[in-house]
Amino acid sequence: MSQKVNKLLAPLLLAICLPCHAAQPLDTYLTISTGSLPIVLSVPHGGEVALDGAAERVNGTKVQDDRVNQLAAAIQRQLQAKTGKEAYLVGAKISRKYVDFNRRADEAYESPDAARVYEAYYGALRRAVNRVRAQPGALLVDIHGQSFKRDVVFRGTGSGLTARNARFYGEPDGLITRLNVAGLNVQPETAEAKEQHFSGGTIVRVFGYQAPQGIDSVQLEFGANLRTTPERIEQTAAIVADALIRHLLAANEN
């Protein structure tokens with residue numbers, strides 16, 4: 001091929017090859033770690049990474065939950081320090097601007113390139129739930145952040161659809177009982193109360209107690225003041241880790 005033809009074809013060849021970028025490895029977009037406790041932590045809205053070659057979503061909420069990834073990592077550190085074990089963890093590094101893991105697939109993303117990341121997130125959650133399901137106290141905690149009431153943690157279970165809430169409020173070692181005793185102010189205040197503001201999204205409804213092959217699943221919306229600084233995050237994480245441990249100990253005694 002002559003040099004003249006090469007020059008003529010070069011722009012066309014470049015245009016053809018530009019969309020053909022290699023897909024980034026999934027660990028660019030997700031944090032997935034295997035645990036040894038029957039606890040599954042999900043963190044869908046803490047990421048900041050752009051999806052390579054894709055446009056941002058046009059529809060839906062795109063706001064990041066600030067410092068929830070740091071909170072989940074701190075909970076893992078606290079669990080490790082107190083028990084020598086960690087929970088299963090599935091978290092988003094990818095920004096919510098490209099995919100919202102707490103929505104159905106038809107609402108979660110608009111770029112076809114996001115499909116494999118979405119499917120990998122749910123696949124990792126399914127594997128984790130399957131591994132812990134038969135163990136006493138098996139629990140999925142979907143970690144979120146909110147600024148509506150900055151000193152409050154909102155419970156989301158579809159008002160008792162996705163979890164047996166009475167267990168969370170048991171004395172003295174129910175999960176939410178322990179969170180409240182330690183000062184986190186979880187609302188609603190009783191197991192029977194309806195959830196008014198955050199009732200749990202797709203993740204807890206897909207993997208919840210009411211679903212086939214599901215487990216007790218609760219969405220916890222942590223107020224902004226509970227995750228303002230590294231020190232405050234560590235304090236919140238220590239309370240959550242203690243409550244999870246007490247929950248598991250109580251389940252094993254029953």
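Bear in mind the structure is a predicted one, so any value in this text is a computation, not a measurement.
Q187 and R155 are not linked by any side-chain donor-acceptor pair at a separation below 3.5 angstrom, with hydrogens and angles left out of the test. Between the side chains of T202 and N102, no donor-acceptor pair is found at a separation under 3.5 Å.
Side-chain contact between R178 and H247 is absent, with no heavy atoms from C-beta onward closer than 4.5 Å. L125 is listed as a side-chain neighbour of S42, based on a closest heavy-atom distance under 4.5 Å. Within the 4.5 Å cutoff, no side-chain heavy atoms of D100 are placed close to those of Y109. Contact annotation: the side chain of I75 approaches that of L41 to within less than 4.5 Å [non-hydrogen atoms, C-beta and beyond]. Residues L140 and I203 meet the side-chain proximity criterion, which asks for heavy atoms closer than 4.5 Å. A 4.5 Å side-chain heavy-atom check between L139 and V141 finds at least one atom pair inside the cut-off. Considering only heavy atoms from C-beta on, R96 stays 4.5 Å or farther from Q64 through its side chain. Side-chain contact between L179 and V153 is absent, with no heavy-atom pair separated by less than 4.5 Å.
A distance of 12.5 Å separates CZ in R167 from CG in L175, rounded to the nearest 0.5 Å. Within the model, atoms CZ of R205 and CZ of R104 stand 11.5 Å from one another, a figure rounded to the nearest 0.5 Å. Distance CD/Q24 to CG/L51: 9.5 Å, rounded to 0.5 Å. With rounding to the nearest 0.5 Å, the separation of CD1 in I143 from CG in N69 is 9.0 Å. Atoms CD and CD, from Q78 and E86 in turn, are 11.5 Å apart once rounded to the nearest 0.5 Å.
Between I233 and Q70, the shortest heavy-atom distance links the atoms CG2-O, 3.8 Å. Closest of all the heavy-atom pairs between S159 and E195 is N-OE1, 2.8 Å. Closest of all the heavy-atom pairs between L89 and A72 is CD1-CB, 4.2 Å. The two residues A250 and D173 make their nearest non-hydrogen contact at CB-CB, 3.8 Å. Considering every non-hydrogen atom in both A124 and V90, the closest pair reads CB-CG2, 3.8 Å. Between F101 and P44, the shortest heavy-atom distance links the atoms CD1-O, 3.6 Å.
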Exercise for review: Please report the C-alpha distance between K82 and D242 in whole Å, then the side-chain angles of each, then the deciding distance to 0.1 Å, and finally whether the salt bridge (Lys or Arg N to Asp or Glu O under 4.0 Å) criterion is met.
Suggested key: CA-CA 8 Å; K82 296 171 189 296; D242 282 339; 3.2 Å; yes
Practice item. Could you walk me through whether R57 and K62 pass side chain to side chain contact (heavy atoms under 4.5 Å, CB included), step by step? Key: CA-CA 8 Å; R57 293 189 297 134; K62 296 184 280 185; 3.7 Å; yes
Exercise for review: Check the pair Q219, E221 against side-chain hydrogen bond (donor to acceptor under 3.5 Å, both in side chains), reporting the backbone distance first and the verdict last.
Suggested key: CA-CA 7 Å; Q219 181 171 311; E221 294 270 356; 2.8 Å; yes
Point to revise | Pair F207-Q213, side chain to side chain contact (heavy atoms under 4.5 Å, CB included): steps then yes or no | key: CA-CA 8 Å; F207 298 103; Q213 309 300 308; over 6 Å; no
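Side chain of T28 to backbone of L26: no donor-acceptor contact under 3.5 angstrom is found. Of the possible donor and acceptor atoms, one in the side chain of D216 sits under 3.5 Å from a partner among the backbone N and O of R164. No donor-acceptor pair closer than 3.5 Å links the side chain of T177 to the backbone N or O of E171. Side-chain atoms of S111 do not come within 3.5 Å of backbone N or O of A55 as any donor-acceptor pair. T83 places a side-chain N or O within 3.5 Å of a backbone atom of K85 that can act as its donor or acceptor partner. A donor-acceptor pair under 3.5 Å is formed between the side chain of E110 and the backbone N or O of N59. A donor-acceptor contact shorter than 3.5 Å is absent between the side chain of S95 and the backbone of Y98. Between the Q76 side chain and the L79 main chain, no donor and acceptor come within less than 3.5 Å of each other. N252 contributes a side-chain N or O that, together with a main-chain N or O of L248, makes up a donor-acceptor pair within less than 3.5 Å. Within the 3.5 Å criterion, the main-chain N or O of L226 finds a donor-acceptor partner in the side chain of T236.
Of the options V68, V186, V240, D65, a side-chain contact (heavy atoms from CB on, under 4.5 Å) to F222 is made by V240 and by none of the others.
Around NZ of K93, the count of heavy atoms belonging to other residues, nucleotides or ligands within 6.0 Å exceeds 12. No more than 12 heavy atoms of other residues, nucleotides or ligands shown are found within 6.0 angstrom of OH on Y209. Environment of CD in E189: sparse, with no more than 12 heavy atoms of neighbouring residues, nucleotides or ligands closer than 6.0 Å.
Neither V218 nor V206 shares a network with the other; the hydrophobic side chains, linked directly or stepwise wherever heavy atoms of I, L, V, M, F, W or Y lie under 4.5 Å apart, form separate groups for each. In terms of hydrophobic clustering, with Ile, Leu, Val, Met, Phe, Trp and Tyr side chains grouped at heavy-atom distances under 4.5 Å, V49 and L30 are assigned to a common cluster. Hydrophobic cluster membership differs between I245 and I215, with clusters built from Ile, Leu, Val, Met, Phe, Trp and Tyr side chains linked at under 4.5 angstrom. The same ILVMFWY cluster, assembled from side-chain heavy atoms under 4.5 Å apart, contains both V40 and Y121. In the hydrophobic clustering of ILVMFWY residues, with side-chain heavy atoms under 4.5 Å counting as a link, L161 and L220 come out apart.
Salt bridge status for E119 with R116: absent, with no side-chain N to carboxylate O gap under 4.0 Å. Using a cut-off of 4.0 Å between Lys/Arg side-chain N and Asp/Glu carboxylate O, D66 and R227 are scored as not salt-bridged. For R77 and E234, the salt-bridge test passes: some basic side-chain N is under 4.0 Å from an acidic carboxylate O.
The ring pair (Phe, Tyr, Trp, His ring centres under 6.0 Å) contacts involving residues 160-204 comprise F148-H197, F154-H197, F154-F198, where partners must be two or more places apart or lie in separate chains. Residue pairs meeting the ring pair (Phe, Tyr, Trp, His ring centres under 6.0 Å) criterion with at least one partner in residues 38-77, sequence neighbours excluded, are H45-H144. Residues in residues 52-96 take part in no ring pair (Phe, Tyr, Trp, His ring centres under 6.0 Å) pair, two or more places apart or across chains.
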